[in-house]
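One is the number of the first residue; the rest follow in order along the sequence.
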Amino acid sequence: AGHNTAGYVRGYRGSPLGAVDGTARRVPHPHRHAPVQAGRPHGRQGGRVTSTNRTTSLITLAVAVVLWFMPTFRETLDYPVFFLLFGYSLFFWIAQASSWNTFTGFSGYFSFGQGAFFGAGVYSVAVLAVKRDWPLLFTFLVGGLVAAVIGLIIGVVVFRLRKLRGEIFALMTLAVAFVMSSIARVSPTIDGGQGVPVNTVELPEFLGDFPTMIFRLGLIVATLAVIA
């Protein structure tokens with residue numbers, strides 16, 4: 001027993017894979033192992049997932065086409081304009097939930113600064129359309145680009161700092177929203193604390209009146225957010 005114990009101790013000290021008799025085995029270097037490749041789903045399982053996603057996208061598009069004509073039959077169906085405004089609010093939160101799922105659901109980071117990027121896009125549209133007389137539809141593209149660029153700049157800075165993890169990352173994103181809101185309120189070029197009235201903006205005729213326009217634009221954004 002004493003011999004076996006001594007051999008075990010010698011083997012343990014020599015290598016984590018040492019034998020009981022004291023013979024130390026050589027531990028392979030990590031780089032000598034072949035890289036482990038991620039397993040691919042079974043053919044039927046992968047096909048089933050793809051078929052389900054395609055079916056969901058087709059159903060979403062079909063529902064969107066039906067809802068697109070909802071404002072057209074408002075007078076025929078005799079329902080109040082409130083339903084169009086409520087539909088826009090619903091589409092807005094669908095898009096926000098999809099963006100939250102895209103970021104937090106895949107990365108695990110909790111971001112409370114979604115409103116900052118949305119506000120940057122909205123203020124870009126309002127300032128360019130009201131104060132610069134740009135075409136409204138073109139300002140939508142610019143507003144989305146501004147929000148994306150701001151998010152990219154903040155992401156490059158934040159994700160390169162290893163200390164900004166967990167709750168610190170969440171609090172920083174919340175601080176970004178407060179800082180950008182304060183800048184908009186004190187800057188006369190953006191808001192200046194008075195707001196930017198958009199009731200004088202010329203609306204595209206093919207989108208209808210204001211409730212119809214925001215309903216259909218919200219429907220487009222929500223549909224793209226779901227099927228993308």
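Considering every non-hydrogen atom in both Asp209 and Thr212, the closest pair reads OD1-OG1, 2.6 Å. Across Ala170 and Thr173, no two heavy atoms sit closer than the pair O-OG1, 2.6 Å. Pairing each heavy atom of Ala120 with each of Ser124, the nearest pair is O-OG, 2.7 Å. Contact detail for Leu84 and Pro71: the closest heavy-atom pair is CD2-CG, 3.9 Å.
For Val156, the side-chain contact (heavy atoms from CB on, under 4.5 Å) partners at least two apart in sequence or on another chain are Leu152, Arg160. Remark: Trp93 engages Gln96 in a side-chain contact (heavy atoms from CB on, under 4.5 Å) (not counting sequence neighbours).
Between the Ser187 side chain and the Ala184 main chain, no donor and acceptor come within less than 3.5 Å of each other. With Lys131 contributing its side chain and Thr189 its backbone, the two residues share a donor-acceptor pair below 3.5 Å. Judged by distance alone, with hydrogens and angles left aside, the side-chain atoms of Arg132 form no donor-acceptor pair with the main-chain N or O of Val127 at under 3.5 Å. Although no hydrogens or angles enter the test, the distance criterion places no donor-acceptor pair under 3.5 Å between the side chain of Ser181 and the main chain of Ala177.
Grouping Ile, Leu, Val, Met, Phe, Trp and Tyr residues whose side-chain heavy atoms lie under 4.5 Å apart, directly or via other members, places Phe112 in a hydrophobic cluster with Trp100, Phe110, Leu174, Phe178.
For the pair Ile150/Met180, a side-chain contact is recorded, criterion being any heavy-atom separation below 4.5 Å from C-beta on. Side-chain contact between Leu67 and Thr223 is absent, with no heavy atoms from C-beta onward closer than 4.5 Å. Annotation: side chain of Val125 is not in contact with side chain of Val142 (no heavy-atom distance under 4.5 Å). No side-chain heavy atom of Phe91 sits less than 4.5 Å from a side-chain heavy atom of Leu217.
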Q.
If you apply the rule side chain to side chain contact (heavy atoms under 4.5 Å, CB included), what do you find for Phe83 with Arg74, and how did you get there?
A. CA-CA 10 Å; Phe83 288 102; Arg74 182 167 66 88; over 6 Å; no

Q.
Is there a side chain to side chain contact (heavy atoms under 4.5 Å, CB included) between Leu141 and Leu145? Walk through the geometry before answering.
A. CA-CA 6 Å; Leu141 300 177; Leu145 181 61; over 6 Å; no

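Of the inter-residue distances, the one linking Thr60 atom OG1 with Leu224 atom CG reads 11.0 Å to the nearest 0.5 angstrom. With rounding to the nearest 0.5 angstrom, the OG atom of Ser99 is 10.0 Å from the CZ atom of Phe117. Taking CZ of Phe92 as the reference point, atom CD1 of Ile214 lies at 12.0 Å (rounded to 0.5 Å).
Both Phe210 and Leu137 are assigned to one and the same hydrophobic cluster, defined by single-linkage of ILVMFWY side chains at heavy-atom distances under 4.5 Å. If you chain together hydrophobic residues whose side chains sit under 4.5 Å apart, Phe206 and Leu136 fall into the same group. Residues Val81 and Leu207 fall within the same hydrophobic cluster, defined by Ile, Leu, Val, Met, Phe, Trp and Tyr side chains chained together at heavy-atom separations under 4.5 Å. In the hydrophobic clustering of ILVMFWY residues, with side-chain heavy atoms under 4.5 Å counting as a link, Val221 and Phe215 come out apart. Hydrophobic clustering (ILVMFWY, side-chain heavy atoms < 4.5 Å, transitive): Val63 and Tyr88 are in one cluster.
Counting non-hydrogen atoms of other residues, nucleotides and ligands closer than 6.0 Å to CZ of Phe140 gives a total above 12.
Here the two rings, on Phe73 and Tyr79, have centers that are 6.0 Å apart or farther.
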